[in-house]
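What follows is one structure encoded as structure tokens, with my remarks underneath.
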Amino acid sequence: MNGTSEQADILPPNCMVKDRWKVLKKIGGGGFGEIYEALDLLTRENVALKVESAQQPKQVLKMEVAVLKKLQGKNHVCKFIGCGRNDKFNYVVMQLQGRNLADLRRSQPRGTFTMSTTLRLGKQILESIEAIHSVGFLHRDIKPPRTVAGFRGTVRYASVNAHKNKEMGRHDDLWSLFYMLVEFAVGQLPWRKIKDKEQVGQIKERYDHRMLLKHMPSEFNIFLDHIQALDYYTKPDYQLLMSVFDNSMKERIITENEPFDWEKGGSDVTLSTSGSTQPQHNTRPTVAMVGAIVTPGPGDLQRENTDDVLQDEHLSDQENAPPAPCSRIPCETGFPNSGELGEAWEDTDFNRNRLRISLTKVDLTALISYV
């Protein structure tokens, strides 16, 4: 997972960030930043801490914060806790998640999910995608793994448009969902062993996608027909796509309260199934929801410049909740206080915003990342 293994980590273990978050260990990284598990000394909860170097040529964390804040209160969105910056790095703190869906699928005896789990995950992922689109952004990298992709998408799940470097729209996110659901149910995609982006794109362009439906419910012909008919400007019919899952479940007498595959048999891969915002102790925590670049959606075609999108967004930790009294642990990095810096990051304390987070049975933000 560490795409920057040849370089020194931005944060060492036991470093304190803002006298509140103590770095425990690195849990991921790539071209756009590093992800750490940290202890919040104010709440005594483990959190995810993502950082990017202040010297990094492409600064993307500010956009991530803007999108994450806009999504607060939506289903399947992890809790935003705080963010800040200093002369060394920018950071965002968010809820820590459990194991990703790619790992959970591979942990199953046949490397596949049952149709019950596949369909119910599909419903929740579709809700997540619609939520992102509803606030004016595209995801552009829907996938179950947590590794950071090398281009704007992940080769295995990218749409043909993405392979051709065309302007991506809402339908491209749905193509990625389609490929992912087929892999959930079948265990693999025809181009799984091919790494070359261009070659995979050529295969997808020529491939008869009906062949992918051989082991899927017949209702998925409707799903495929719809996304094939969409273009950049056309708003997807999310309700039609949701009916594909609902009707498939009715046909198979699948109910919403059935256990997911990883909840069966007392294995150690259980994800949270309650309204708790904390991942269960027997899961491997991973960061969720925001990973790197996002893009304004086609509903706001004039906002092509990222600076325009972020003109009212300031990234400051001045509004974070005060550190706990027990947080007087020396900071090994010696960063200056945010008051010594120029630009501020504001409105960052979720604890005081009192937004209601509606959590469903599985927190699907564990599967989502941006390019």
Looking at Y179, I'd like to know if the NZ or CZ of R156 sits under 6.0 Å from its six-membered ring centre while staying within 45 degrees of the ring's axis.
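Ring-cation test returns no.
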
side-chain contact (heavy atoms from CB on, under 4.5 Å) partner of F184, the single match among T114, L101, T117:
L101

Would you say the side-chain atoms of [X] pair up with the backbone N or O of [Y], donor to acceptor, closer than 3.5 Å?
X	Y	answer
H209	L224	no
Q228	F223	no
R206	G201	no
Q72	K69	no
Q108	R110	no
T118	L181	no
D40	L42	yes

Please report the shortest heavy-atom distance between [X] and [Y], naming the atom on each side.
X	Y	answer
Q59	A54	NE2-O, 3.7 Å
I10	E34	N-OE1, 2.9 Å
H215	M115	O-CE, 3.8 Å
M94	C78	SD-SG, 3.7 Å
S218	R252	N-NH2, 4.4 Å
L24	P13	O-CB, 4.2 Å

Heavy-atom distance under 4.5 Å between the side chains of [X] and [Y], does that happen here?
X	Y	value
D9	Y36	yes
H226	V244	no
E251	P217	no
Y157	V182	no
F220	L212	no
K123	D246	yes
I227	L177	no
D261	L104	no

Distance (rounded to the nearest 0.5 Å) between [X] [atom1] and [Y] [atom2]:
X	Y	atom1	atom2	answer
E130	D173	CD	CG	12.0 Å
R105	R99	CZ	CZ	12.0 Å
L126	Q239	CG	CD	8.5 Å
M180	L121	CE	CG	8.0 Å
L11	Y91	CG	OH	10.5 Å
L61	E52	CG	CD	4.5 Å

Determine the sole option in Q199, Q202, K204, E198 for which the side chain to side chain donor-acceptor pair (under 3.5 Å) test with H163 is passed.
K204

Could you please spell out the steps behind the side-chain contact (heavy atoms from CB on, under 4.5 Å) verdict for L96 and E37?
CA-CA 8 Å; L96 194 64; E37 182 177 348; 3.9 Å; yes

Begin from the C-alpha positions of V51 and V17 and carry the test side-chain contact (heavy atoms from CB on, under 4.5 Å) through to its verdict.
CA-CA 11 Å; V51 299; V17 175; 6.0 Å; no

Is there a salt bridge (charged side-chain N to carboxylate O under 4.0 Å, His left out) between D103 and R106? Walk through the geometry before answering.
CA-CA 5 Å; D103 286 347; R106 286 192 290 262; 2.9 Å; yes

Common cluster, [X]/[Y], ILVMFWY with side-chain heavy-atom separation under 4.5 Å:
X	Y	answer
W175	M211	yes
V160	Y233	no
M249	M242	yes

How far apart are the C-alpha atoms of L213 and F178, what are their side-chain angles, what is the distance that settles it, and do they pass the side-chain contact (heavy atoms from CB on, under 4.5 Å) test?
CA-CA 10 Å; L213 300 180; F178 174 76; 3.7 Å; yes

V93/R20 under side-chain contact (heavy atoms from CB on, under 4.5 Å): CA gap, chis, key distance, verdict:
CA-CA 11 Å; V93 185; R20 174 175 174 181; over 6 Å; no

Pair N161-S159, side-chain hydrogen bond (donor to acceptor under 3.5 Å, both in side chains): steps then yes or no
CA-CA 5 Å; N161 276 343; S159 67; 5.0 Å; no

